[in-house]
Amino acid sequence: NILHYCDITQKGYEKKRSKLLGAYLPHPPGLEGSMAHERRPPMAPSASRYHRRRSSGTRDERYRSDVHTEAVQAALAKHKERKVAVPMPSKRRSLVVQTSMDAYTPPDTSSGSEEEGGQGEGTPTSSQGSISMEHWISRAIHQGSTTSSSSSSTQSGGSGAAGRLADVLAQTHNHSAPPDVTTYTSEHPVQVERPQVSTVPRTTPKYGNAKLMETGDGVPVSSRVSAKIQQLVNTLKQPRRPPLREFFVDDFEELLEVQQPDPNQPRPEGSQMVAIRGEPLGVVTNWPPSLEAALQRWGTISPKAPCLTTMDTNGKPLYVLTYGKLWSRSIKVAYNILHKLGTKQEPMVRPGDRVALVFPNNDPAAFMVAFYGCLLAEVVPVPIEVPLTRKDAGSQQIGFLLGSCGVTVALTSDACHKGLPKGPTGEIPQFKGWPKLLWFVTESKHLSKPPRDWFPHIKDANNDTAYIEYKTCKDGSVLGVTVTRIALLTHCQALTQSCGYTEAEIIVNVLDFKKDVGLWHGILTSVMNMMHVISIPYSLMKVNPLSWIQKVCQYKGKVACVKSRDMHWALVAHRDQRDVNLNSLRMLVVADGSNPWSISSCDAFLNVFQSKGLRPEVICPCASSAEALTVAIRRPTDDSNQPPGRGVLSMQGLSYSVIRVDSEERLSVLTVQDVGTVMPGALMCVVKPEGVPQLCRTDEIGELCVCSIATGMSYYGLSGMTKNTFEVFPMTSSGAPISEYPFTRTGLLGFIGPGGLVFVSGKMDGLMVVSGRRHNADDIVATALAVEPMKFVYRGRIAVFSVTVLHDERIVVVAEQRPDSTEEDSFQWMSRVLQAIDSIHNVGVFCLALVPANTLPKTPLGGIHLSETKQLFLEGSLHPCNVLMCPHTCVTNLPKPRQKQPEIGPASVMVGNLVSGKRIAQVSGRDLGQIEDNDQARKFLFLSEVLQWRAQTTPDHVLFTLLSSRGTVLSSLTCLQLHKRAEKIAAMLIERGHLQDGDHVALVYPPGIDLVAAFYGCLYAGCVPITVRPPHPQNIATTLPTVKMIVEVSRSACVMTSQVISKLLKSKEASAAVDVRSWPPVLDTDDLPKKKPPQLYKPSNPDTLAYLDFSVSTTGMLAGVKMSHTATSAFCRSIKLQCELYPSREVAICLDPYCGLGFVLWCLCSVYSGHQSILIPPSELEVNPALWLLAVSQFRVRDTFCSYSVMELCTKGLGLQTESLKSRGLDLSRVRTCVVVAEERPRIALTQSFSKLFKDLGLHPRAVSTSFGCRVNLAICLQGTSGPDPTTVYVDMRALRHDRVRLVERGSPHSLPLMESGKILPGVRIIIANPETKGPLGDSHLGEIWVHCTHNGSGYFTVYGDEALQSDHFNSHLSFGDTQTIWARTGYLGFLRRTELTDASGERHDALYVVGALDEAMELRGMRYHPIDIETSVIRTHKSIMECAVFPWTNLLVVVVELEGSEQEALDLVPLVTNAVLEEHYLIVGVVVVVDIGVIPINSRGEKQRMHLRDGFLADQLDPIYVAYNM
């Protein structure tokens, strides 16, 4: 009982309608605005109603279905009860396409800005200029909706204005088509919010402001962004359909969830189907033995009979080709192909060769002549589209087909040949991917006449290939289906029999005559029966959609071949054509009858034209495929009592391949019409689409297979694919083949209903299998197009395909939006589409993208080129103007979140140095006390004494040399000069500054020698120096507050600086950024007193403070670390020993001298060890990137230190200049150690590319290494001169997330290379401890790196005196094992691993691998992620992503990418970023922010300041190009 044999009656229509909508209609009179139109009094589904509905003409006719539209509206109404607020993406002004002004009326500021400006939170958009429609949304969320009408729209991401629109629509809906929004602007202005200029002064702190640094999460939550994120979080908290079952998995194999079949899913219950046989093919006596024979017969018997009439674009007959002309011209073409190409001895084309036919769609006559010419010459025509440009969508694949067919000649017409793109010399260029072709024009006037005695050899049809039809696959590849001469003839016979063709009948053809139904009826079968074809080109249909109907009337056409779009266009266009009479038509072949959505066009067409003489039984849908030719066709019967078959199928059932006739209450149904019965002489069955071709049950959907002579034979040149498609042997459940003859797979999905009627529910190509359920792309398209406003999608141009992400297919919908749609229209439409598809198909859309009108790649006949669109989407060059991703909704197969288990406590077995069977992870550098060397400086406790001693013993020895950006020496200091200068500074401090012992002095100097002198001046005066980076003159507003904060937090009694900076600190710009009156006294050291201090200060106790080391950590925390005199001296000694530094050495330093190891190397080491430091300020490299390396070469330096930012500058800036540098004599072969000073995991990719790049200039790869330091200890590891090379290991990234180390081979999936961070410095002891339990860990276990050492800092110096924090960081004890030693916690995760190498002392070498900072690590889904790993994946996804930073916010992952390129590319990045992070890290990205280059803040060491970035993002200060909130 699948079918009900009736068209729906008026009464039935009303009943069905009220049933469908009853549930959603509010009965009280207060109608909700958006629903009012559903309550209009049902009118007869008559012609007039159809017109008014359809005046739009822009929607895609293929998918038209009133009932479906209403189902979609009803489903959306249902959603309105579950309020889901979708945060709207933010977009920069420049990205919003401005359209006509009448659509943009200025917002009335009174209502708009009350919410925002009233509480003193004016949105900072005025300066940024990004369009913000958000406050509507946030109002809707925070206050619920104000009017009943707006509640219906706000929920889908709409706005108050949309609510107002809904009211307007409500008044207009009952009497006309959905109105065009833009026409209402006069009465009800459609609002687009302009940036609100609020009068309240802004209190939001600026980006990178001092106050914000302290706040880990101290985010001004008033900001718009955080409101949206909160909204996203709330939305995501709502329950999803497939709940993730969470249970504890101990193993670090993260298993992706396998979709469990739904126990309640429908299963087929019918019996096994039986193959259905078509009626026998009754061969008529006068049927010709081959198609050429038919042509010969008609060409000689009735040469004057018209064969083909072509039309010009005005619809006037252009040319009539008679059978005589066709015959004589075809002979001429045949003769010329065989005898006039190449030489007599070596003809270019022999019988059996393939030639391309390239003819435009408006020239069927030339095509027909060439096609029959090929048949007569026994060469194989391959008809293809005309290549319009060198790189048409898909043309490359066509070229591949031609190449594999061995095509060397292309036949074309004169006009077409002239229109092909030409090179400079007039020759036709080789198209991309095409073989070299000889273009041969087939017009008679260009051909030589065949000799009298030459005659083509006309044989009976045999198994030779007659022609090759191209077919584009789902993935865009093009295959050639070979059709033999016998198949060609049999197919013509079968069509003649099923369509009842007779001689001289007139057939009107609108279809493409080069392939498929158009070729079979309009070129082949017509000649077999001497019919007259009226060919209507696509260009004429564009101008006059009624042309085909007019031609049927004019010529009294008996048959017409159309697609459902042609019927739709005719409906839209036929206003009041009085003289239309279609009673001559006995058959209207609907070529795309196999598309289930064609039924609505057929019904509507019949509805309108029945009064114009169209009989219902004339409409004959057919199903066809390139492989099986015509699969089934409805016969034109005279018996009007037998109505066509209908099936109303449940979409839910269909998704499980099960046929369930649905009760009509259900919204999600698919109505299908039959495509007639099996072809004469053919056998048809339905088999399971995947795996073994087993027969389906009677209530199961499968792939239709046909066994017949009249099918394709093979895919040319592809034997494997041919076997799977053309040589299929269907089997019964017992495994027995049902026939000895092979079947051909048609690529159509469907079933055979009662009475042998064939029903098609979709195509294999459009099938998307999402979590085990099948969805058809066409069905999803139909649902999307049924969403109001109908006209939103430009001309119905929409593409649906699936992409594979994380082992499942994900649905992507791409649509062209109308040119005049506003941001808000788009967003509202997108939200509704998501809900509609979710309700009707029970499947989530992974990505919905809107592109500007007319930008999707087109097929030759103007449709959308699907595979090309998918390709553009995947490679990030689709350039959408709106994107909505829903990974949270769709991705249900993520691994289960991890639950932490309590670690083994102190009770675990610990024997000697083993923890539960593993060696304890601990290691020491060489012992400082044990090493005997003639280190004279050792006898002094204080650096100030070392300097005095050097000034006496080696007064003229140069300690410091400062280089300019040109590489010349700017200034230098000898031991004595430094001593003298320091004395003068000390005198000034005591006299002018009136400072006491122990007072703090801020040194604000550019990198240079003044800084060094000022430092020792402070030591001589007994003051404690603090080095501070000076403010940047171009960027005072953001850099000066940091200087001010350090000065305040360090309690500096005075500021010492140069004259230039001193002026800057008091300038007008400075007073705008900070309060300049509150600076402590500022002394400038450019003019020093000529006297020295009464006596130099000598500290009483080496444990007193030597200096304070202030720096901002990457997490944005400002901390000052106290360094005692003891620690300072021990530090210098440790470095001296590790790097073997002596007075005879030169060391080049290209680092910032303000904190950490950079400061120690710049200011302290030379004085202690006596070597010469060549100082290169990193800022000079921006002017001259080669400065550092040229200096290293020129001064023959053996040891040099740089930062990652310097290395990156060299790699990027000098990449193409290595040859010219070599010619300038740059030689790096003397470098023993080139150390990158860092506080992070070594950036292995950067160091490797640097080594590779400069290998040609003599740099030894083993020389490049990294150091590791942190706040508690400024240098823990440093690759010295002796000792083994740094080693690299590969660890499993998935195990790392679970805090485990698992070593893997290089190149294995999910592997991450980690490089050792240099050798442990002398005097340093390291242990790896569990950060939570503080217990020691074993070898190769991941834990926090703890350090015990004489040069550890002695604590934090902070104003707030946060003692708890300090004692923990600097004085920690293990919870078991060695509980006495005092350790400092570095805050970094890492592991120790014993290697096979031996160190200098002959022991096996222990390597330290740093994984990342605990502060930076993100806890997501119970696992620990390091931002750098996610960022690396993201940067790889697209060439335009220059830099990336990620941070968490309320359990959401926020990804910020810097875009290099046009802003148009911004939205391409959203899907790519989301996919990459899902695939590689099993994480769903919550927010993607696209910003300009340089927005991600980076500190002087080249580390990203992710927390600053986060604070800036939440305070809405990034001025992003685009912000996407993933659902």
Roughly how far apart are I1345 CD1 and L1389 CG, rounded to 0.5 Å? 7.5 Å

W1188 and F1250 aromatic ring geometry - parallel, tilted or perpendicular at 30°/60° bounds: parallel

Ignoring hydrogens and angles, tell me if any N or O in the side chain of S1062 forms a donor-acceptor pair with the backbone of T1057 under 3.5 Å. no

Rounded to the nearest 0.5 Å, the OG atom of S877 sits from the NE2 atom of H1438 at a distance of 6.0 Å

Distance-only donor-acceptor check, side chains T974 and Q977, under 3.5 Å: yes

Measure the shortest side-chain to side-chain distance between L1040 and L1065 over non-hydrogen atoms and say whether it is less than 4.5 angstrom. yes

I'd like to know if the side chain of T968 and the backbone of S964 have a donor-acceptor N/O pair within less than 3.5 Å. no

Side chain to side chain contact (heavy atoms under 4.5 Å, CB included) evaluation trace for V1206 with S1203: CA-CA 5 Å; V1206 166; S1203 65; 3.5 Å; yes

Sub-3.5 Å donor-acceptor pair from the side chain of S1169 to the main-chain atoms of S1166, do we have one? no

Is there a donor-acceptor contact under 3.5 Å from the side chain of Y1409 to the main chain of V1289? no

Looking only at heavy atoms, what is the nearest atom pair of L878 and D1468, with distance? N-OD1, 3.1 Å

Does S965 offer a backbone N or O that forms a donor-acceptor pair with the side chain of N1184 under 3.5 Å? yes

Less than 4.5 Å apart, side chain to side chain, heavy atoms only: is that true for R1198 and E1140? no

Salt-bridged, D1227 to R1196, with N to O below 4.0 Å? no

Under a 3.5 Å distance rule, please check whether T1039 uses its side chain to pair with a backbone N or O of H1032 as donor and acceptor. yes

Taking the side chain as everything from C-beta on, heavy atoms only, tell me whether D1492 gets closer than 4.5 Å to I1521. yes

What distance do M1293 atom CE and H1426 atom NE2 have between them, rounded to the nearest 0.5 Å? 11.0 Å

Can a salt bridge be assigned to the pair R1241 and D1429 using a cut-off of 4.0 Å between side-chain N and carboxylate O? yes

Hey, are the side chains of H1508 and T1038 touching, using non-hydrogen atoms and a 4.5 Å cut-off? no

Electrostatic pair E1480:R1436 at N-O distance under 4.0 angstrom: yes

So which heavy atom on E1465 is nearest to which on E1460, and how close? OE1-O, 4.3 Å

Indicate yes or no for a side-chain donor-acceptor contact from Q396 to the backbone of K432 under 3.5 Å, with no hydrogens or angles considered. no

Could you grab the distance from atom CG of L1181 to atom CD1 of I1176, nearest 0.5 Å is fine? 7.5 Å

Side chains of F1513 and V1456: does their closest heavy-atom pair fall under 4.5 Å? no

Counting N and O atoms only, with roles assigned by atom type, does the side chain of Y1168 sit under 3.5 Å from a partner on the main chain of F1131, one being a donor and the other an acceptor? no

Before giving the answer on side chain to side chain contact (heavy atoms under 4.5 Å, CB included), spell out for E1503 and E1416 the whole-Å C-alpha distance, their side-chain angles and the decisive distance to 0.1 Å. CA-CA 12 Å; E1503 296 160 344; E1416 294 263 273; over 6 Å; no

I'd like to check C1202 versus V1236 (side-chain heavy atoms, cut-off strictly below 4.5 Å). Are they in contact? yes

Minimum side-chain heavy-atom gap L978-V1167 below 4.5 Å: yes

Please answer whether the main-chain N or O of E1443 pairs with a side-chain N or O of E1431 as donor and acceptor at a distance below 3.5 Å. no

With side chain to side chain contact (heavy atoms under 4.5 Å, CB included) as the test, pick out the partner of V1004 among I1046, L1064, V1028. V1028

So which atom in I1493 and which in E1458 form the shortest heavy-atom distance, rounded to 0.1 Å? CA-OE1, 3.7 Å

Shortest non-hydrogen contact between C1210 and L1253, atoms and distance: O-CD2, 4.4 Å

If only atom types and distance count, is the side chain of K1504 paired as donor or acceptor with the main-chain N or O of C1444 below 3.5 Å? yes

Tabulate below the donor-acceptor pairs under 3.5 Å that side-chain atoms of residues 1147-1165 make, not counting sequence neighbours, or state none.
unit_1: D1152; atom_1: OD2; unit_2: R1029; atom_2: NH1; d: 3.4
unit_1: D1152; atom_1: OD2; unit_2: R1029; atom_2: NH2; d: 3.4
unit_1: Y1154; atom_1: OH; unit_2: Y1005; atom_2: O; d: 2.6
unit_1: W1162; atom_1: NE1; unit_2: G1008; atom_2: O; d: 3.2

Are E1146 and R1230 close enough for a salt bridge, meaning some N to O gap below 4.0 Å? no

What's the separation between atom CD in Q1138 and atom CG in D1199, rounded to the nearest 0.5 Å? 11.0 Å

Atom pair CG/CZ of L1509 and F1447 - distance to nearest 0.5 Å: 5.0 Å

Distance-only polar pair, side chains of R1306 and S1311, donor-acceptor under 3.5 Å: no

Show the numbers, then the answer: is there a side chain to side chain contact (heavy atoms under 4.5 Å, CB included) between K1136 and H1171? CA-CA 10 Å; K1136 172 186 191 302; H1171 62 271; over 6 Å; no

Could you list the residues that satisfy ring-ring contact (aromatic ring centres under 6.0 Å, His included) with F960, not counting sequence neighbours? none

Could you please spell out the steps behind the side chain to side chain contact (heavy atoms under 4.5 Å, CB included) verdict for M1315 and T1247? CA-CA 10 Å; M1315 186 164 86; T1247 54; 3.9 Å; yes

With a 4.5 Å cut-off on side-chain heavy atoms, are D1511 and Q1517 touching? no

